[in-house]
Amino acid sequence: MLMRWVAVGCWSIFVMAAALGQVRLPSLISDHMVVQRDMPVRLWGTAAPNERVRVRFRGQEIATTADEKGRWQVTLPPTPAGGPFDLVLRSGDSEIVVRDVLVGEVWVASGQSNMEWPVALAMNAEQEIAQANDPQIRFFQVPHRVAETPQEEVQGEWRVCSPETVKNFSAVAYFFARELRQHLKVPVGVIQATWGGTPAEAWTSLPTLQSEPAFRPLLDRWAKILAEYPAARQRYEAELQKWQEAAEQAKAQGKPVPPQPRPPLGPEHPHRPANLFNGMIAPLTKFTIRGVIWYQGESNVGRAAEYRRLFPAMITDWRKAWGLGDFPFLFVQLANFLARKPEPSESAWAELREAQMFALKLPNTGMATAIDIGDAKDIHPRNKQEVGRRLALVARAIAYGEPIVYSGPIYERMQVEGNKVRLFFRHVGSGLVCKGEKLTGFAIAGSDGKFVWAEAAIEGDTVVVWSPQVLKPVAVRYAWADNPEVSLYNGEGLPALPFRTDAPKEGQ
């Protein structure tokens, strides 16, 4: 139970500082931080119980009184972008000066390994690192942490972007921030809260999961895991001891060491529902942000029907936790991965990508697709530059209101015309474009539901699809595979999103 002790210990130190009469700030409010421009900014901390606390920033001073436990919070009025500034806090005889504070755009970057993937492992890493010298970009990395209950504090520090600091920061988040800097001309701060290989339920609060009957099987499965954990842990420790003996013997004999047994799932596992929300997201929710960028879903492949509800529920959950309204929540659709199959077939990856699109029904959401920039042999494609650029396009349109094309063509409706199907799209931009000798990746089916590869042609802002094998078509699919052929784009170079006209209805 070390993690629980650490969580309690951090908060105990926080409270002890208040009891001693010292004004104290959380790690998020520290030197080099970026605070959100043009929005009320919340600041909080501790002091002596009932002590007066004064906060001065950009020529304005706000005072409040700590409660009986020493906790206090103030809200700074909106200010335009600028800096650097000093933030001065006084309580009793103590004073804190937070230096080099910028006012600009603040985003949270979260998800699993493709968001966590560092600049040092991205495409052209050496060149990117050498050029990453922009003091107007700042990073805060939240350490991996699980917790059974929502936490108040995270450890970490704001770091100024430089070749030395950027190496281990999220590549997608850095390239996203770089794009915003170039177009908005204001400081950008990114708070990274990521953990590779984790499912969406771990990032969602327990009350939200408990409120939806569709998530009951998920919670029941984990209730069973936790009930069986003590016995599973005992078995694991016995197996581990046997393995250690076998490993030593193998080494002595010059033989291969047998695989080490894996520890069982348990209360402190990062896959446990709500564990990461409690430990890594809840402590951030007082900090004023513009929005969230998210790259996750690989760990939920195979549970697309559940994800259609889970992902929108998680987005709504975070918005409620922050209390800033429907802030922009932008996400990446899963990239192409795994081998191509010779015939049209079902695809768990395609179903998860479709499930991600269900979240676009929520206000102020946007999606950047990566269906054409993945790597069939690597779940971690290295071209994070284009992912960051496409996310920034979505942000510029949705968060900042720029009248730009930010999405590839999205299927809207179909029309049967004899033995052909005409497909209509939105987000066609300056027009539909074929990349390659001809359109590929389309499949068509009749009433028997058997899909075959189809011919396709662009006609204006529509695509016409047909096959001599299907005389009475009823459905069309495009890029419906783990690693599909991708040929349809708009004139702005953004790929059409995968789709099936026989998609499940909402609630199915």
Side-chain angles (χ1 to χ4, degrees), residues 304 308 333-336 338-358 360-361 367 369-374 405-508:
R308 287 200 295 267
Q333 190 180 45
L334 296 188
N336 49 304
L338 300 174
R340 288 193 175 130
K341 297 179 180 179
E343 300 297 332
S345 63
E346 298 301 324
S347 165
W349 282 76
E351 289 182 5
L352 198 285
R353 295 185 192 110
E354 178 186 72
Q356 291 176 301
M357 292 186 66
F358 272 64
L360 293 176
K361 296 178 181 180
M367 184 173 73
T369 188
I371 195 61
D372 61 331
I373 51 176
V405 177
Y406 65 92
S407 171
I410 297 180
Y411 165 74
E412 193 166 50
R413 63 186 177 90
M414 62 173 277
Q415 180 177 297
V416 177
E417 300 176 354
N419 66 336
K420 297 182 178 180
V421 173
R422 185 177 300 274
L423 304 171
F424 296 81
F425 300 85
R426 60 184 190 276
H427 295 290
V428 297
S430 57
L432 297 178
V433 173
C434 171
K435 283 197 176 182
E437 296 182 1
K438 65 175 185 176
L439 287 181
T440 57
F442 287 88
I444 195 168
S447 58
D448 61 358
K450 182 179 178 180
F451 282 87
V452 298
W453 294 123
E455 299 293 320
I458 295 172
E459 292 187 3
D461 287 343
T462 68
V463 172
V464 177
V465 183
W466 72 95
S467 169
Q469 300 179 57
V470 180
L471 300 180
K472 295 182 178 181
V474 299
V476 172
R477 293 179 176 181
Y478 170 71
W480 195 260
D482 298 349
N483 180 30
E485 291 188 10
V486 177
S487 59
L488 182 63
Y489 289 73
N490 58 25
E492 286 67 26
L494 297 172
L497 278 61
F499 67 88
R500 56 177 171 174
T501 65
D502 54 322
K505 304 300 180 182
E506 188 171 6
Q508 292 183 308

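Predicted model, so just to flag it, every value in this text is computed and none were measured. Excluded from the calculations below are hydrogen atoms, water molecules and symmetry mates; all remaining heavy atoms, backbone and side chain alike, are included.
Checked against side-chain hydrogen bond (donor to acceptor under 3.5 Å, both in side chains), Ser407 has no partners two or more places apart in sequence or in another chain. Contacts of Gln333 classified as side-chain contact (heavy atoms from CB on, under 4.5 Å), with partners at least two apart in sequence or in another chain: Arg353, Gln356, Met357, Met367, Thr369, Leu497, Pro498. Applying the salt bridge (Lys or Arg N to Asp or Glu O under 4.0 Å) rule to Glu459 yields the partners Arg422; only residues at least two apart in sequence or on another chain are considered. In terms of the ring-ring contact (aromatic ring centres under 6.0 Å, His included) criterion, Trp480 has no residue partners (sequence neighbours excluded). Annotation: side-chain hydrogen bond (donor to acceptor under 3.5 Å, both in side chains) contacts of Asp461 (sequence neighbours excluded): none. Partners of Glu354 according to the salt bridge (Lys or Arg N to Asp or Glu O under 4.0 Å) rule, which considers only residues two or more places apart in sequence or in another chain, are Arg500. Here Asn483 pairs with Asn336, Arg340, Ala376 under the side-chain contact (heavy atoms from CB on, under 4.5 Å) rule; sequence neighbours left out. For the salt bridge (Lys or Arg N to Asp or Glu O under 4.0 Å) test, residues two or more places apart in sequence or in another chain that qualify with Glu346 are Arg477. Looking at residues two or more places apart in sequence or on another chain, you find a side-chain contact (heavy atoms from CB on, under 4.5 Å) between Ala443 and Pro344, Phe451, Trp453. Listed by chain and residue number, Arg390 satisfy the salt bridge (Lys or Arg N to Asp or Glu O under 4.0 Å) test with Asp372 (two or more places apart in sequence, or in another chain).
Minimum heavy-atom separation, Cys434 to Gly436: SG-O, 3.6 Å. The heavy-atom pair separating Asn490 from Gly408 by the smallest distance is ND2-CA, 3.7 Å.
Atom OH of Tyr478 is separated from atom OG1 of Thr440 by 6.5 Å, given to the nearest 0.5 angstrom. Separating the CZ atom in Arg426 from the CZ atom in Phe424 is a distance of 14.5 Å, to the nearest 0.5 Å. The distance from atom CG of Asp502 to atom CE of Met414, rounded to the nearest 0.5 Å, is 9.5 Å. Note that OH of Tyr411 is 13.5 Å distant from CG of Leu488, once rounded to the nearest 0.5 Å. Rounding to the nearest 0.5 angstrom, the gap separating the NE2 atom in His427 from the CG atom in Leu432 is 13.0 Å.
Between Phe442 and Val463, some side-chain heavy-atom pair lies under the 4.5 Å cut-off. For the pair Phe499 and Leu423, the minimum side-chain heavy-atom distance is below 4.5 Å.
With hydrogens and angles disregarded, a donor-acceptor distance shorter than 3.5 Å links the side chain of Thr501 to the backbone of Val476.
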Between side-chain atoms of residues 466-474 and protein atoms elsewhere (two or more places apart, or another chain), which donor-acceptor pairs fall under 3.5 Å?
residue, atom, partner, partner atom, Å
Ser467, OG, Gln469, N, 3.1

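The salt bridge (Lys or Arg N to Asp or Glu O under 4.0 Å) pairs that include a residue from residues 478-493 number zero, where partners must be two or more places apart or lie in different chains.
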Query raised in the report: Yes or no on side-chain contact (heavy atoms from CB on, under 4.5 Å) for Ser430 and Val405, after CA distance, side-chain angles and deciding distance?
Result: CA-CA 9 Å; Ser430 57; Val405 177; over 6 Å; no
